[in-house]
Structures are given as C-alpha cells and as structure tokens.
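Notes for the one structure printed next.
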Protein chains: 2
Amino acid sequence: MNKDQIESLIPLLKEKNLRVTPQRIQILTTLIDMNGHPTAEDIQKRIPIISLATIYNNLKLFVELGIINELPYGNGLSRFEFSQSNHYHVICESCGKIADINYPELTEIEEMVANLTGFSVNNHNMEVYGKCQECIEKG
Amino acid sequence: MNKDQIESLIPLLKEKNLRVTPQRIQILTTLIDMNGHPTAEDIQKRIPIISLATIYNNLKLFVELGIINELPYGNGLSRFEFSQSNHYHVICESCGKIADINYPELTEIEEMVANLTGFSVNNHNMEVYGKCQECIEKG
DNA sequence: TTGTGTGCAAACCCTTTGCATTTGA
DNA sequence: TCAAATGCAAAGGGTTTGCACACAA
C-alpha cells in the first residue's frame, strides 16, 4: 500500500455516502507512513491534531469497510494493518511488536474445519509468539 | 482434564506456598464442568458466591502457573481453557464461542520464522474464524 | 443547505488493585 | 499465629458514545 493508492479508496467512501474528510485522509496516510501494525495511540502520536475519538471511530469504520484489519493480540489493545494478501504474524511477547511472515497459505485447513465442526468458515489467522531481537538484546 | 486430576494440581500450589482454598478448588472444578472456553463471567454465573475479583485473581494466577491458558480472541474479553497438548481453535464471529480443532501441529513454521525474523520463537497459535451452527440457524 | 463528521467529556466494560477482614496451615 | 486469600468498592485503561458545533457535498 502506498500513498497513491489512497485515491483508490476515495470512490469507496463516496459510494457509501461517506465523506472524504482531511482526518480520514490523514489517518490512512499515517497508517501507510508507519508501514507496520500501529495502535490507535501510535497513530495519534503522529497526528495529535486529530482527536483520539475520531481516530477510533474511523479505524472502526475502515475495518467495517474492509480497508484495514484489526489485530486483537497482546495486552488488550488492538493494532491495525491494511488488508492485504494473506500472511501470518510474529508477535513479541515482551513489547507487543508485530511483524509479517510470508508463508504459503494453509488453505486446506479451512475446509477441514468446516466439515469437522459445522462452522461456516470465513478465514483463518496464525500467530507465532516469541521475543524480538531488540527485546532479546535488552535482556 | 477430569475432576480427579484437580488433586494432581494441589501439590503444585503447596510447592509455591499457595493455599488450597475452597474458592480455588471451585474455580478449577467449574472450569472442568464447563468443559469448554468460558469467560470469567461465565464462571461466576456458575459460582456466584465467589466474587468476580477472586475469580479474576485466580485465573491470572493459574495462567502464571501454566495450569490454564488465556485466549484473548474476540470482542475484548478473555476466555480460559486448561493447558493441554497442542490444538487450534475455531471462533464464532457472531457469539464468540470457541471450539477446539484437532489438526496436526505445524511445527516447521516455528523454525522458519526464527530464521527469517531473528525472533526467538516460543510457540504458535492458529484460529479459524466463521459462524457456528447455532448462529447460522438464528440467521 | 443539510446531514455527516469531529471533538470533547463522560460513559462503558473488562480487569486490576487497595485495604480491611477472614482463613488455611 | 500470621502470612496469604477473599471480597468489596474504587480505580485503571482501552474504546465507545452523546451532543453541540463544524464542515463536505
């Protein structure tokens, strides 16, 4: 996801009678700039002019629109990332940092689970837990 | 995990100078009776004589002791299960219910991630998301 | 013009904590 | 006996909401 692609999201908003406000553009731009998995607070530190409430409201909106994903792992606060082709996550148990893993997608498990449990299956995630290099060095 | 096995946990508590209180026994027994992935509130509904604070404090203690696992998925409230051999979870996006999946463990991913990211890896989880049969029927 | 979005402060909800009282060993 | 556990009520911390005002279309 790069800055030019924000423009491709604008029609999506207009389609649903949602307004293209400076705040929405800045939140999306900041998400791109941070290039990772920031929390709502991380985002607000970059754009303190925008209220936390507006950041939360819009992150929630973008999740509903499918533009971004919410990652609820780690000590009760969510992190956000742009929706993208499937990938998994490594999570640092020490600082909560998340990194992406490129790993062939395990598609077969979804069908198996549907057959086995009677759930209608939509998707799946995998998280690997450990300690990141920075935290290892800090002890 | 069955009721007899609670007795095997008692030495573990005594070893650490922790007391075997009626509350602790009841919380563990209730976890067994519920045979699933209850929330702290679910447990308290079964044993309302015990305060929520005590339930939370002890669940936290049992997690630290490695007796149970905390599952932080789903709308900001944790569910708990006895620690057991590796398995994955299916989660209902509608009601939050969790069920177990028996699936061969994906051990090779841990080493791959360690090599690729420099994390020291401890373990991994997988969750499959969908809608449970009950919620499908409810529409 | 007008109804959606923003931002403040307050409310919410799950979880943790301080502290007086109870209790296991 | 006495340190550890309980339970109440209050505090915490992330997130959501009510409402008056601002502003995109």
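Here is how names work: the chains are called A, B, and so on, in the same order as the sequence lines, proteins then strands, and each is numbered from 1. Computed from a prediction, not measured in an experiment: that's the story for all the values here. Atoms considered below: every heavy atom in the structure, side chains included; atoms not considered: hydrogens, waters and symmetry mates.
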Between [options], spot the one nearest the side chain of [X], thanks.
{"X": "B:L18", "options": "C:dG7, C:dT15, D:dA5", "value": "D:dA5"}
{"X": "A:T21", "options": "D:dT6, C:dG7, C:dG5", "value": "C:dG5"}
{"X": "A:R24", "options": "C:dA25, C:dG5, D:dT15", "value": "C:dG5"}
{"X": "B:Y56", "options": "D:dA25, C:dT16, C:dG7", "value": "C:dT16"}
{"X": "B:L77", "options": "D:dT6, C:dT15, C:dG7", "value": "C:dT15"}

Seminar exercise, completed: Judged by nearest nucleotide, the residue sitting upstream toward the 5' end of DNA chain D, B:N17 or B:L52, is B:N17
Phosphate-side-chain proximity, [X] and [N], N/O vs OP1/OP2 below 4.0 Å:
{"X": "A:T39", "N": "D:dG14", "value": "no"}
{"X": "B:K16", "N": "D:dA5", "value": "no"}
{"X": "B:K60", "N": "C:dT17", "value": "yes"}
{"X": "A:Q23", "N": "C:dG7", "value": "yes"}
{"X": "B:N57", "N": "D:dG7", "value": "no"}
{"X": "B:T54", "N": "D:dG7", "value": "yes"}

Exercise. Base, sugar-phosphate, or nothing: which does B:I49 touch, judged by heavy atoms less than 4.0 Å apart?
Worked result: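 Sugar-phosphate contact only - B:I49 comes under 4.0 Å of backbone atoms but never of a base.
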Whole angstroms only, please: what is the [atom1]-[atom2] distance between [X] and [N]?
{"X": "B:D42", "N": "C:dT15", "atom1": "CG", "atom2": "P", "result": "11 Å"}
{"X": "B:L59", "N": "D:dA5", "atom1": "CG", "atom2": "P", "result": "15 Å"}
{"X": "A:I50", "N": "D:dA22", "atom1": "CD1", "atom2": "P", "result": "18 Å"}
{"X": "B:L61", "N": "D:dA5", "atom1": "CG", "atom2": "P", "result": "8 Å"}
{"X": "B:I55", "N": "D:dC8", "atom1": "CD1", "atom2": "C1'", "result": "14 Å"}
{"X": "A:I25", "N": "D:dA24", "atom1": "CD1", "atom2": "P", "result": "12 Å"}
{"X": "A:E70", "N": "D:dT16", "atom1": "CD", "atom2": "C1'", "result": "12 Å"}
{"X": "B:I43", "N": "C:dT15", "atom1": "CD1", "atom2": "P", "result": "11 Å"}

For this session: Walk me through it: do B:E108 and A:Y103 pass the test side chain to side chain contact (heavy atoms under 4.5 Å, CB included)?
Result: CA-CA 11 Å; B:E108 69 284 357; A:Y103 192 80; 3.3 Å; yes
For this session: Report the residue from A:N102, A:V128, A:L106 that forms a side-chain contact (heavy atoms from CB on, under 4.5 Å) with A:Y88.
Result: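 It is A:L106; the other options fail the test.
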Exercise. Do B:R79 and B:D42 have side chains that get closer than 4.5 Å, going by heavy atoms?
Worked result: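 Yes, side chains in contact.
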Exercise. Checking B:Q44 side chain against B:I50 main chain: does a donor-acceptor pair fall under 3.5 Å?
Worked result: yes
For this session: On DNA chain C, check which nucleotide each of B:R19 and B:R79 is closest to and give me the residue with the more 5' one.
Result: B:R79
Exercise. Under 6.0 Å from the CD atom of B:E134, do we count more than 12 heavy atoms belonging to anything else shown?
Worked result: no
For this session: Locate the shortest heavy-atom distance separating B:S83 from B:N69; write the atom from each residue and the value.
Result: OG-OD1, 3.4 Å
